[in-house]
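The structure presented is a predicted model; accordingly, all values stated were derived computationally and were not measured.
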Amino acid sequence: MALIDVIIPVYNDRDYIKRTVDSIKNQTIIEPRTQREGAKSARACSGDITITLIDDCSTDGTSKLCDTLALLGGINVIHNETNLGVSASREVGVRATKSRWVFFIDHDDVIKEDCFEHLLAMAEGVTEPAVLCIRGEEREGKEVDFPTWKGQGDGSITVMTGHDANLRILTEEEDFGYIGSLWGKLIDRRIIDIILEETACYKDTIRSMYLEDALCMPILFHNAAVVKVDNYFCHIHRRLENSLSISLKPGYYMYDWVRATEVVVGYLREHGYEKLWKYSLLGMFQTACSVWYRSWNYETDDDKKTSYDAYVTELFNRYYESFLATVPKGVGEKVKYLSISRFAQDRLKWNRTIGKLWFETIYKFPLLAKKIR
C-alpha cells in the first residue's frame, strides 16, 4: 500500500495537468521510520505515492492525456460516466483508494519536490486522527511553467488540537499562511470518512460543496485529534481567469457556496464554538452579498434570480440581529461590516454603489482586489 494517495479531480485541463502530475512524481521522501539527523532525501519510488486522476468528462483532450500520463506508472485514471463536479469526483477518488494519508490537489496547482518530505516528517509517531498542513501561497494568472516562489517560511512547526485549529486558523487571527483549504494537507482517511458521513445529507441540496473547502474545513479540523502546521512554502494554488469562484456569471457552484456557509454557521454553533460562529457570520453575509450581486446582474434565469433574492432575505431575517451584535476588528473587517449594513438597508442602492464599485472596477484588477480583501 502506498504511503500517500494523491487525489486529483480533472476537467478540461490539458494545459496544466502534466505540470501538476510532474510536481508530484518528482517528490523526494524520507520515510518517517527511517528518518534521522543528516539523512539524505531520496527520490520517491512509485510505491510511495499513488496518484488517482478522476477525469470528469473532459472535452478538450484531457481524458486522453490522463491515459497517457498513466503509462508513467503510479497513476490510476478513473473516467466518470457523467459530469459529477469536484466534490463527487473527490469522493470517487477516496472510495477507490486505501492509504492512510490522503492528499488533495487541484488540477492546475504545483508543489515543491520536498513537500511530502516535510509532511511525512510531521507524521512520525502520530497514531491518532491527524491533519498535517504545509503553507501555501496563491497566484493569479495562467502560469504553465513552475513559478518563482515568493518566500520560504521559517520551517517552524505548530502543533494544536483540532478544536484550537478551528479557532486559530479559521478566524485568521494568527498568520498560518494559506492553509484554510482542503489542498496542501495530509489528511487522515478516518477524518475524511467522518466528513463524508456528516455531509452526505447535502449531496442533493449543495452537491458541488459537500467535499469542498467552504463546508468541510470546520468539520475537518473539529474531528482531528492533532493538527500540525509546517511554516514552509510548498504549495502554489493558481487562480485562473475562468475560475468558477471568480466569475461574475453565477453558476450552481456559487449558490451552493452561500448555503454551505450557512450550514457551517450552524455547525459551529452546535459544537460550542461561540466566538467562531459569530465571527463566521461576517463571511457568510459577505458571500451572500457577493453572490447576490452576480445573481441580480448576471443571472439569465429569472426564477433562480427571484428564488435567491428571497433566500437572502430569509438569511438576513435569521442572522442579521446576531451579526449586529458582533464587533469588527481592523479596517478590513470594518469596511466589510459597513458594506453588509448598507446592503441590509437597501440592497438595490448597494447594487448601484458599493456593489458596482467593487465588481465592475476593483474586482477586475485581481492584485488590487486581493490587497483590499
**Item:** Distance-only side-chain donor-acceptor flag, Asp55 / Ser63, under 3.5 Å
**Value:** yes
**Prompt:** Picking from Val226, Leu167, Asn166, Ile169, what satisfies side-chain contact (heavy atoms from CB on, under 4.5 Å) with Met160?
**Reply:** Ile169
**Asked** Distance under 6.0 Å and angle within 45° of the ring axis: does Arg294 meet both against Phe359?
**Response** no
**Item:** Close side-chain approach of Lys228 and Thr158, heavy atoms under 4.5 Å
**Value:** no
**Request:** Would you check if Phe343 and Asn351 make a side-chain contact, meaning some heavy-atom pair closer than 4.5 Å?
**Result:** no
**Asked** Can you check whether His271 and His222 have ring centres sitting under 6.0 Å from each other?
**Response** yes
**Fill in**
Taken to the nearest 0.5 Å, the spacing of Asn76 CG from Leu53 CG works out to 8.5 Å
**Request:** Kindly give the heavy-atom pair with the smallest separation between Ala260 and Met209, and that separation in Å.
**Result:** CB-CB, 4.1 Å
**Message:** I want to check a possible cation-pi pair here: Arg269 against Trp277, using under 6.0 Å from ring centre and within 45° of the ring axis as the test.
**Reply:** yes
**Item:** Non-hydrogen atoms of Tyr210 and Leu215 that approach each other most closely
**Value:** CA-CD2, 3.7 Å
**Request:** Report yes if some heavy atom in the side chain of Ile8 is under 4.5 Å from a heavy atom in the side chain of Val6; otherwise report no.
**Result:** yes
**Prompt:** Where do Ala344 and Phe316 come nearest, in terms of heavy atoms and distance?
**Reply:** CB-CE2, 3.7 Å
**Message:** If we count only N and O atoms by modelled type, under 3.5 Å, do the side chains of Glu262 and Tyr267 hold a donor and an acceptor together?
**Reply:** no
**Trp183 and Asp109 side chains, donor-acceptor separation under 3.5 Å** = no
**Complete:** In Asp188, Asp5, Asp193, the residue satisfying salt bridge (charged side-chain N to carboxylate O under 4.0 Å, His left out) with Arg100 is Asp188
**Asked** Just checking, any donor-acceptor pair under 3.5 angstrom between side chains of Ser89 and Asn80?
**Response** yes
**Asked** Quick one: which of Leu196, Ile195, Ile194 gives a side-chain contact (heavy atoms from CB on, under 4.5 Å) with Glu198?
**Response** Ile194
